[in-house]
Every structure is written in structure tokens, then in C-alpha cells.
Visitor: 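Let me give you the structure first, and then I'll get to my questions.
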2 protein chains.
Amino acid sequence: MSTQRAEPLWLSLSDQVESELSRLPAGAPAPSEHELAARFGVNRLTARAAMQELERRGVVRRYQGRGTVVARKVEYRIGPDWIPSWTRTVAAAGVEPRTVTEDAATRRARNDERAELDLGGHDRVVQLDRLRLCDEECAGYQTSVLPAARVPGLRDVVGVGGSVYEVLTEHYGFAPGRVWTRVEQISAPGWVARRLGMRGRPAVVLVRGRLDCQRTGAPLELTFAWLRADMFDVIVEVGEWKRLPAPIPVRKADAS
Amino acid sequence: MSTQRAEPLWLSLSDQVESELSRLPAGAPAPSEHELAARFGVNRLTARAAMQELERRGVVRRYQGRGTVVARKVEYRIGPDWIPSWTRTVAAAGVEPRTVTEDAATRRARNDERAELDLGGHDRVVQLDRLRLCDEECAGYQTSVLPAARVPGLRDVVGVGGSVYEVLTEHYGFAPGRVWTRVEQISAPGWVARRLGMRGRPAVVLVRGRLDCQRTGAPLELTFAWLRADMFDVIVEVGEWKRLPAPIPVRKADAS
DNA sequence: CCCTTCAGCTTGACTAGACAAGTTAGCTCA
DNA sequence: TGAGCTAACTTGTCTAGTCAAGCTGAAGGG
């Protein structure tokens, strides 16, 4: 208390609370701000700052009116050795997954989609918008865009919560070939935050993917997935580098 | 003001300030908390909450005593088509890079290192600890571990700011073979935060890598790099998947 | 029995004020 | 001139309090 503080009160408080909570299972209730303030003899705002820090660390999740609960992030691995299945990944972490198909509509392809999907000027695409839920809480939002001509009647075939991957292979007989994926952490755009039911611009992990047909090599599907960064611990693995750098042009005092 | 607020004050304030700052170059000074509070007629803590939100979004960086400045993240791309060079990546973004070698010592290998580097019970390793600076500000911390027997005298060969990659190829004649990399976003452990000169447990991107010798396939280098998440926008690309899932075991209501 | 209402809890938002810590620029003094 | 100190500014920390928003469960009425 009166020792010379190198650390602010809220920080040491959050460290202490974190070590206490680490022994509790996910979903267990954390002490309330009021209770913490009373226990440590500090102002409610100080206790609040500590809990907000724990929320940033992903240790707890806070709900207005309901309280604060212990949280565990779901490990979401992406790499050349696994095809990630959202449903199975979440279920393996002991969390109940659910998928809600929000929209499935046919429209004209945008310019960037024509280029990526190898389409002509008047070709149409099917867009699937899906909400990903973890224990009935909004955890991610995903859009898939496919060439309408190659998947006729897709919006009728994919039911609520249906698997695009499964439909492609079983119903249309496509063998999926190469898959390209790109991952980055960003602040969610406003319209994504709204669909996730969150205010402001929460941190999300954007996963972009492209699936090609194995036989013809033609692109079959473009995917954008926004995953809440506070609910997922995304681990990306890069396989072998294809293009190794030539040793010559590397300058002195450069990094490996 | 008196319209029915769906949004809290600090959020709309931060959105407004962000759009103003988006027109300014990196390094430009942002308005102070006091100035903002006066301009919008709110309490300093409310203006402060807005600027803290912008700091979370990576729009500004704040320094006690000095003020708040506009920030731009450095795009750091990792993927099968590029070997990332920290120095060149940072310099390409218009930021001045610098590397400080903190320590270079020989010691016994730990158990996990023996397994990963394919070493025997008494083999020794060289560990290089390097600080990565952006415009003289601490931006990352990196450790490299190499088998001492394969790089004799490394600590004398690598000077301050020297390149491990360059030394391996030019001085020791190793042609680097495959490179494996794994990326994840975490809260920095205490000792990493201290070396980065930061308090608490700031968000960092942990990049782990392994470099093998092309000719023999023997592991040459293990790398851990902690990059400040507020300074780098790490984009990871995964190439082709090697193992495609069999269509049969995919269950109903599963994700693509 | 079910449904509504409300009391009591939670977190969220905001204000007013005080002091501490750290940086910078300029002024003063040797 | 040069070194050092100070004043003025910044962000950081913390307190005390008020009201709002949202959820839950219990009490009460139909």
C-alpha cells in the first residue's frame, strides 16, 4: 500500500485477481466491481480499471446487468496441415457451436469478385451470410461468395446451418483443390460490429480464403470471416517457404 | 447532444477525432485531453476515454508528459512467398529501423531445444537476444537459439545489429532450407514487457520460426519474436493446404 | 398456474476535482 | 557560452459521487 509504488494500483489489482480467477473454470462468476472495491479498499473506478484490463487480456467477459464471468479463448488453428472446421474447432474446446444463415441471395458480381472468381461481365454470384455463435453468443460473422452458374440452386440446398463445404463435395461433386488463406487482426468496420451485436469497433481477426476446384483449378468460393478477437486465439502456421531469398542482395546490418 | 443517445459520448467523440486525424501524417500531434474536453464541453475523463479507444484502434500513440501523436501501423507480411526481413519491412514503411544486440551467450540447451534442434544431452547452444527499434522506440524483442557446435564463434562474428541470416549463409556457408513459422497474438509475459519497456501486459504478436539446413535438413535456428501489436499489422498468408479433409467424416450442420 | 411488476443487483457513462509523473522549452545564473 | 533549474504543459492515477441501462429473481395479482 504505502510502499513506493512502481506499479499503479489497478495493475497490481488486476494481476492478483487474474491469478485468483485462473483456478476457476470458464463461466464462473468473477467478483463484482463493488465487491472488489470494498475488499481492496479502493474506489469503484479503480476496481473497474483492473477488470477492464483483464477483459483486454481475454481473462474475463463482462455483461452489463449480468456481471463478469471467467472466459477462455477458443484456440483456432489454421495451417497447411489442417482444414479448419469452425464447428468442430469450437466443439472441441467444450463450447457449443451454432450457425445461423442470415441471408442467401444471388446478385451481380462486383469487379474484384469477377477478377478473383474468373467471371465474365454479366455473371452472377451467390452470397451466403452466416452468423457463428458460441454458447448462443455472437462470436463471428462469415460471408461466402460463389459463382452462381457453378452452384445452381445453392440457396435451396444449403439449409439453416448447412455446410458449404459439404454441399460442394456431396451435392455438386466438386473435389476441392488448393485453399489459400490470409489472416490479420483489425478493428471491425461498423457494419461488421453491428452484425456481431457489438458497439464501437471491437478487435476482430479477419480470415480471408479462396477455394479452387481440384480438377479444373477454377475458383469455387471466396470467404471472409470476422472472428471476435476476445473469443478466439487464432494461431496461424506457415509451411515451407517457396521462394528463398538470394543471399547476395541482403545488405549489411540487416535482419535474418 | 440532446438527441436520444444510442452511442455513448466518448465513442462518438473518438469517431469524430479519428476522422480528423486520418488526414494528418504519422507523427503529427493530436489534440490534448484538456483541449478536447474544452472543445466538446465534456469532462477530461470522457475525452480521455475517447483517446484511449483510438489508442486501442492503433490510430494514435500516447506518451506521458509528451502528448499524443498520430500513428500508423507497419504492415508486416509473412507467407510462403516472402521471407520477412524486419529491417527492410520497417524501412519500406518509412520508419527508421535499428537493431540492438542485447546479449549473445553460450549455455546448455534446454530439453525442448534439444528436441527441436536435434541435439544430444550435453550439447550447447548460442542464444542471441536482440531489441528491434522503430524510430528509436522499442518495437519488438527477438531471441534466436542456434546449436553452438555448428556456428563456432558466432557471438564474435555477429556484431551489434548484425544479421544472423547473412552470417549463416556467408560466413558459415549454410544454405537455408525449409522455414516453418507460427504466429499468434497474446498478452506479453512480464519479462517480455519489461524488455520492451512497457508496463502491464501489452498485446504482442508472437512469431516463432525454425530454419533448417538445405543440404542436411538439420535444424539450424529457433526464433522467437515478440512484436508490439500496436505498432505492427501482421498479415499471415497460408499457402496450399497439404492434407485435404475426406468428405465422408464431415457431419451434417458443419462448417466449410 | 402463469404472467406482470418491481426491487435489487450488475456494469456503463459521466462529472468535478486533486495530485503524481514525465517531458520540454526557456529562463537564470555562474 | 553553458549548465542547471524551473515553469508549464502533457498524460497517468485515484477519489467521491450520481444517474442510466440492463438483467434476474422474487413477490404479488389475475
Side-chain angles (χ1 to χ4, degrees), chain A residues 1-15 17 21 27-56 59-71 135-138 197-200 202 230, chain B residues 1-15 17 27-56 59-71 135-138 193 197-200 202 230:
Chain A
M1 291 307 170
S2 58
T3 66
Q4 45 171 4
R5 281 208 306 272
E7 256 194 358
L9 247 179
W10 61 267
L11 227 185
S12 54
L13 216 167
S14 71
D15 283 335
V17 173
L21 296 183
S32 72
E33 296 174 355
H34 184 79
E35 187 183 335
L36 278 180
R39 179 143 72 96
F40 291 93
V42 298
N43 190 274
R44 201 196 113 195
L45 278 198
T46 306
R48 181 177 174 78
M51 295 313 281
Q52 283 174 329
E53 166 72 13
L54 291 192
E55 188 177 37
R56 279 192 293 274
V59 175
V60 299
R61 266 199 291 282
R62 335 180 63 219
Y63 303 94
Q64 184 176 2
R66 211 183 331 160
T68 304
V69 298
V70 175
D135 284 340
E136 295 306 306
E137 183 168 2
C138 221
M198 305 179 78
R199 278 193 331 192
D230 61 332
Chain B
M1 286 306 175
S2 59
T3 64
Q4 45 171 4
R5 281 208 306 272
E7 258 194 357
L9 248 178
W10 62 267
L11 228 185
S12 55
L13 217 166
S14 71
D15 282 335
V17 174
S32 71
E33 296 174 358
H34 184 77
E35 187 184 334
L36 278 179
R39 178 144 72 97
F40 291 93
V42 298
N43 190 274
R44 201 197 113 195
L45 279 197
T46 305
R48 181 177 174 75
M51 295 312 283
Q52 283 175 328
E53 166 71 13
L54 292 193
E55 187 177 38
R56 279 191 293 273
V59 175
V60 299
R61 265 199 293 282
R62 336 179 65 220
Y63 303 94
Q64 182 174 4
R66 210 184 331 160
T68 303
V69 298
V70 176
D135 283 340
E136 295 306 307
E137 183 169 2
C138 222
M198 304 179 77
R199 278 192 332 191
D230 61 332

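Chain letters run A, B, ... following the sequence lines, proteins first, then strands; residues in each count from 1.
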Visitor: With rounding to the nearest 0.5 Å, note down the distance linking CD in B:Gln52 to OG in B:Ser14.
Guide: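 Rounded to the nearest 0.5 Å, the CD-OG separation comes to 11.5 Å.
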Visitor: Any side-chain N or O of B:Arg48 below 4.0 angstrom from OP1/OP2 of D:dT11?
Guide: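 Answer no for this pair, as no side-chain N or O of B:Arg48 is under 4.0 Å from OP1 or OP2.
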Visitor: Specify the separation, in whole Å, of atom CE of A:Met51 and atom C1' of C:dT10.
Guide: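 To the nearest whole Å, that distance equals 12 Å.
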Visitor: Could you give the distance from CZ (A:Arg48) to CZ (A:Arg62), rounded to the nearest 0.5 Å?
Guide: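 Rounded to the nearest 0.5 Å, the CZ-CZ separation comes to 5.0 Å.
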Visitor: Could you state the interatomic distance from CD (B:Glu53) to CG (B:Leu13), rounded to the nearest 0.5 Å?
Guide: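 Those atoms lie 11.5 Å apart.
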Visitor: Any chance you could lay out the side-chain contact (heavy atoms from CB on, under 4.5 Å) test for A:Asp230 and A:Glu55, step after step, and finish with the verdict?
Guide: CA-CA 8 Å; A:Asp230 61 332; A:Glu55 188 177 37; 5.9 Å; no
Visitor: Would you say A:Asn43's side chain and A:Leu45's backbone share a donor-acceptor pair under 3.5 angstrom?
Guide: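 Present.
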Visitor: Output a table of nitrogen or oxygen pairs between the protein and nucleotides 16-19 of chain C separated by less than 3.5 Å.
Guide:
unit_1, atom_1, unit_2, atom_2, d
C:dA16, N7, B:Asn43, ND2, 3.0

Visitor: Less than 4.0 angstrom between a side-chain N/O of B:Thr46 and OP1 or OP2 of C:dT15, yes or no?
Guide: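 Yes, such a contact exists.
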Visitor: Could you state the CD-P distance from A:Glu33 to D:dT15, rounded to the nearest angstrom?
Guide: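 Nearest whole value for this atom pair: 14 Å.
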Visitor: Whole Å only: how far is the CD atom of A:Glu55 from the C1' atom of C:dT11?
Guide: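 These atoms are roughly 10 Å apart.
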Visitor: Taking all atoms of both residues into account, what is the closest heavy-atom pair of A:Ser12 and A:Glu7, and its distance?
Guide: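 It is CB-OE1, 3.3 Å.
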Visitor: Round to a whole Å and report the spacing from CG of B:Leu36 to C1' of D:dC9.
Guide: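 It works out to 15 Å between those atoms.
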Visitor: What is the distance from CZ of B:Phe40 to P of C:dA13, rounded to the nearest Å?
Guide: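 After rounding, the reported distance stands at 18 Å.
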Visitor: With a 4.0 Å cutoff (strictly under), does any side-chain N or O of A:Ser32 reach OP1 or OP2 of C:dT10?
Guide: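 Checking A:Ser32 against C:dT10: at least one side-chain N or O falls below 4.0 Å of OP1 or OP2.
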Visitor: Tell me the interatomic distance from B:Leu54, atom CG, to D:dT11, atom P, rounded to whole angstroms.
Guide: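 The distance from CG of B:Leu54 to P of D:dT11 comes to 13 Å, rounded to the nearest Å.
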Visitor: In whole Å, what is the span from the CG atom of B:Leu11 to the P atom of D:dA20?
Guide: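 The distance from CG of B:Leu11 to P of D:dA20 comes to 20 Å, rounded to the nearest Å.
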Visitor: What does A:Arg199 touch in the nucleic acid at a heavy-atom separation under 4.0 angstrom: a base, only the sugar-phosphate, or nothing?
Guide: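 Sugar-phosphate: the residue A:Arg199, judged by heavy atoms under 4.0 Å, touches backbone atoms but no base.
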Visitor: Is there side-chain contact between B:Thr46 and B:Pro8, with at least one heavy-atom pair below 4.5 Å?
Guide: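 B:Thr46 does not reach B:Pro8 side chain to side chain.
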Visitor: Could you tell me the separation between the CD atom of A:Gln52 and the C1' atom of C:dG12, rounded to a whole number of Å?
Guide: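 The answer, rounded to whole Å, is 9 Å.
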Visitor: What are the two closest heavy atoms between A:Ala47 and A:Ala37, and how far apart are they?
Guide: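 Nearest heavy atoms, A:Ala47 then A:Ala37: CB-N, 3.9 Å.
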Visitor: For the atom pair OG1 (B:Thr68) and CE (B:Met51), what is the distance rounded to the nearest 0.5 Å?
Guide: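 Here the interatomic distance stands at 5.0 Å.
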Visitor: Mind running a 4.0 Å heavy-atom check of residues 62-71 of chain B against DNA chain D and sending the residues that fall below it, in number order?
Guide: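 Here the set is B:Arg62, B:Tyr63, B:Gln64, B:Gly65, B:Gly67, B:Thr68.
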